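Given the structure is predicted, the values throughout are model-derived calculations rather than measurements. Reckoned from all heavy atoms, side chains included, excluding hydrogens, waters and symmetry mates. Naming convention: chains lettered A, B, ... in sequence-line order (proteins, then strands); numbering from 1 in each chain.
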Amino acid sequence: MTGVSPETIRSEVRKLRGEVPDSVVEELERTLLRVGKERAITAEALQRVIEAVKEAHLSSLVEPGEAVGTVAAQSIGEPGTQMTLRTFHYAGVAELNVTLGLPRLIEILDTRRTPSAALMTVYLEPPYSKDKDKARAIAQEIEMTTVEDLISEMETDLMNMQLLLSLSRSRLRQKELTPSKVKEVLSRELGPKVEINVEETKLRIKAAESLSELRRLAARVRKIKLKGVKDVTKVVVKKEGEEWVIYTEGSNFAEILKMKGVDKKRTTTNNIREIEEILGIEAARNALIREMSSTLREQGLEVDIRHIMLVADMMTVKGEVRQIGRHGVSGEKSSVLARAAFEITLKHLLEASLRGEEDRLRGVTESIITGNPIPLGTGSVRLVMQGGRSERE
Amino acid sequence: MGGRMSEELDPRGHVLVPEHRVLSKEEGEEVLRRYRVKPHQLPLIKSSDPVARAIGAKPGDIVEIKRESFTAGRALAYRYVVEG
């Protein structure tokens with residue numbers, strides 16, 4: 001008995017496409033081709049294998065009516081009890097401050113507009129990624145420098161109603177700035193009415209009329225950005241494999257992507273909101289999955305990716321990232337009773353009655369409250385009778 | 001597409017962004033038939049979404065997304081474009 005040709009294996013296996021996932025099709029094809037080289041596979045055996053794969057796939061699918069949401073909640077919730085409660089941790093990447101464990105997971109699910117420790121991973125394009133000094137130069141350009149970072153001393157001269165700034169020479173050199181350059185930025189920021197004089201490394205700023213105004217000016221001057229990308233407070237250059245990568249504390253995804261030398265295809269941030277805004281809802285979904293699973297994995301917890309994908313799907317299903325909770329997934333349920341059962345019961349019931357809302361009692365929560373069978377598993381099936389007296393639904 | 005578009009970056013090609021494609025009327029109807037759903041029962045995508053704008057998706061369109069799935073290799077997903 002002779003075996004089938006590799007072409008037959010390929011064409012037969014590929015007929016499975018659409019019926020089973022691509023990854024299964026590819027793996028089956030690879031395996032069959034390898035085995036086919038060692039010994040002959042008869043046409044009959046090939047069909048048997050394909051049928052067996054189809055059946056195995058079918059039997060591993062989630063059954064209709066399975067409570068996938070509840071299973072996902074428990075599968076993430078239980079390992080969650082073992083996570084660290086400590087908010088901050090200096091881990092892995094040099095001296096960068098990252099949020100880990102449960103606080104980070106909560107932050108992702110709440111999709112806070114500004115994560116407590118925003119972080120960007122900035123990849124560089126070839127000439128810059130290969131050379132440490134070139135990568136350093138970009139890092140210098142990215143790091144935000146404010147007046148506060150440069151001054152060794154700041155005096156408020158009440159006699160003459162002026163501010164006296166002493167700039168540190170070493171810090172100026174480190175940031176590649178000069179007193180005249182600082183003056184230039186200051187006069188642009190403060191407007192033409194403010195008089196600024198430079199004497200070596202001392203700056204005299206004269207503008208204020210009253211004491212309170214002088215104080216306000218002092219506070220404002222401290223925060224003025226001299227160079228760099230807004231909100232990026234710290235940069236670390238690190239070699240990863242063959243290339244130099246910049247890690248930043250503080251995130252400003254939109255600005256960083258505009259910079260020359262930055263790889264616009266791989267650079268990312270851990271701020272989901274920024275990803276949603278700049279790369280869209282599908283990228284946000286991917287980022288949510290990535291962030292959640294890496295947070296769990298980092299704590300040594302194995303949670304099946306399917307549970308995490310379900311959470312990410314629920315959070316992005318409306319076309320924008322919604323948090324899990326009062327202002328998002330749970331708070332926007334269509335059933336009044338389900339919402340009332342989650343949080344602030346009275347408010348939900350009151351508002352619903354004011355608006356004359358209707359509850360179809362179709363969900364799990366409502367069914368439990370009203371003592372009806374829940375629409376899960378066998379409960380999700382309705383019988384339709386046909387015959388003398390037919391009834392719809 | 002407003003004037004903001006010019007200085008905006010094209011999100012397509014980023015590692016986090018899967019391939020999006022606007023389906024034709026017929027393809028869209030076929031998807032709705034296959035899953036036995038009405039358009040608003042699909043996951044949504046706003047017409048202001050950066051990728052939706054890049055591919056010129058209008059409210060009422062159905063977008064096909066080729067996801068790199070963690071479990072299935074590749075997976076097709078659909079989103080219904082809504083105003084926003």
Side-chain angles (χ1 to χ4, degrees), chain A residues 17-18 20-28 57 60-62 121 123 253-259 262-269 272 274-291 293 304-310 312-322, chain B residues 4-22 30-31 34-37 39-57 59-84:
Chain A
R17 262 174 209 249
V20 300
D22 283 2
S23 56
V24 175
V25 174
E26 278 154 27
E27 195 182 331
L28 181 63
H57 173 253
S60 58
L61 284 178
V62 167
T121 310
Y123 288 94
F253 200 43
E255 287 301 314
I256 217 80
L257 290 179
K258 283 184 199 152
M259 290 190 62
V262 169
D263 187 334
K264 290 161 185 62
K265 308 244 177 267
R266 290 185 298 151
T267 296
T268 59
T269 168
I272 308 286
E274 280 187 299
I275 295 204
E276 178 190 15
E277 197 179 308
I278 291 149
L279 298 177
I281 191 72
E282 277 292 319
R285 177 183 173 274
N286 278 331
L288 279 168
I289 296 170
R290 265 198 194 188
E291 289 288 324
S293 54
D304 193 284
I305 192 92
R306 274 159 266 228
H307 302 310
I308 296 168
M309 282 162 68
L310 180 68
D313 276 335
M314 276 313 291
M315 290 175 76
T316 57
V317 73
K318 295 285 179 198
E320 61 187 2
V321 178
R322 293 182 307 162
Chain B
R4 273 176 62 205
M5 202 62 192
S6 55
E7 59 166 312
E8 246 169 65
L9 158 124
D10 190 340
R12 288 174 296 177
H14 191 280
V15 286
L16 286 173
V17 182
E19 194 185 317
H20 291 52
R21 182 172 73 92
V22 181
E30 168 57 29
V31 168
R34 190 170 353 128
Y35 293 102
R36 290 189 208 141
V37 290
H40 68 265
Q41 289 176 299
L42 289 173
L44 310 178
I45 186 169
K46 291 181 177 175
S47 56
S48 61
D49 186 275
V51 185
R53 279 197 301 185
I55 60 170
D61 287 342
I62 291 174
V63 174
E64 179 187 85
I65 297 143
K66 271 203 188 97
R67 286 178 183 162
E68 295 279 332
S69 166
F70 298 87
T71 50
R74 268 171 305 281
L76 290 181
Y78 302 91
R79 282 185 188 269
Y80 180 60
V81 185
V82 291
E83 206 111 19

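- Two residues are said to be in side-chain contact when any heavy atoms from C-beta on lie closer than 4.5 Å; B:Val51 and A:Glu282 fail this criterion.
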>> Would A:Asn286 and B:Arg67 count as a side chain to side chain contact (heavy atoms under 4.5 Å, CB included) here? Give the steps.
In response: CA-CA 9 Å; A:Asn286 278 331; B:Arg67 286 178 183 162; 5.9 Å; no
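- For B:Arg36, the CZ atom is loosely surrounded, since the number of other residues' heavy atoms within 6.0 Å does not exceed 12.
- Note that CG of B:Leu16 and CZ of A:Arg285 are 12.0 Å apart. Values are rounded to the nearest 0.5 Å.
- With a 6.0 Å radius and a threshold of 12 heavy atoms from other residues, nucleotides or ligands, A:Glu27 has its CD atom at or below the threshold.
- The distance from the NE2 atom of B:His14 to the CG atom of A:Leu257 is 6.5 Å, given to the nearest 0.5 Å.
- For the set B:Ala77, B:Pro11, B:Ser48, B:Ser69, the entry with the most heavy-atom pairs within less than 4.5 Å of chain A is B:Pro11.
- Annotation for A:Lys318: atom NZ does not count as buried by contact number, only 12 or fewer foreign heavy atoms lying within 6.0 Å.
- Only the side chain of A:Ile305 comes within contact range of chain B, with at least one heavy atom under 4.5 Å from a heavy atom of that chain.
- In this structure, chain B has a heavy atom under 4.5 Å from the backbone of A:Glu277, while its side chain stays farther away.
- For the residue pair B:Arg79 and A:Thr316, the shortest heavy atom distance occurs at NH1-O, 3.0 Å.
- Between the side chain of B:Asp49 and the backbone N or O of A:Ile281 there is at least one donor-acceptor pair closer than 3.5 Å.
- Using a 4.5 Å cut-off between heavy atoms, A:Asp304 does not touch chain B at all.
- Rounded to the nearest 0.5 Å, atoms CZ (B:Arg74) and CZ (A:Arg17) are 6.0 Å apart.
- In this structure, A:Glu276 does not pair ionically with B:Lys46, as no charged nitrogen and carboxylate oxygen lie closer than 4.0 Å.
- When heavy atoms are compared at a cutoff of 4.5 Å, B:Ile65 approaches chain A solely by way of its side chain, counted from C-beta outward.
- Chosen from A:Thr267, A:Ile275, A:Val25, the residue pairing most often with chain B at heavy-atom distances under 4.5 Å is A:Thr267.
- The two atoms that bring B:Thr71 and A:Ser23 nearest to each other are O-OG, 3.2 Å, heavy atoms only.
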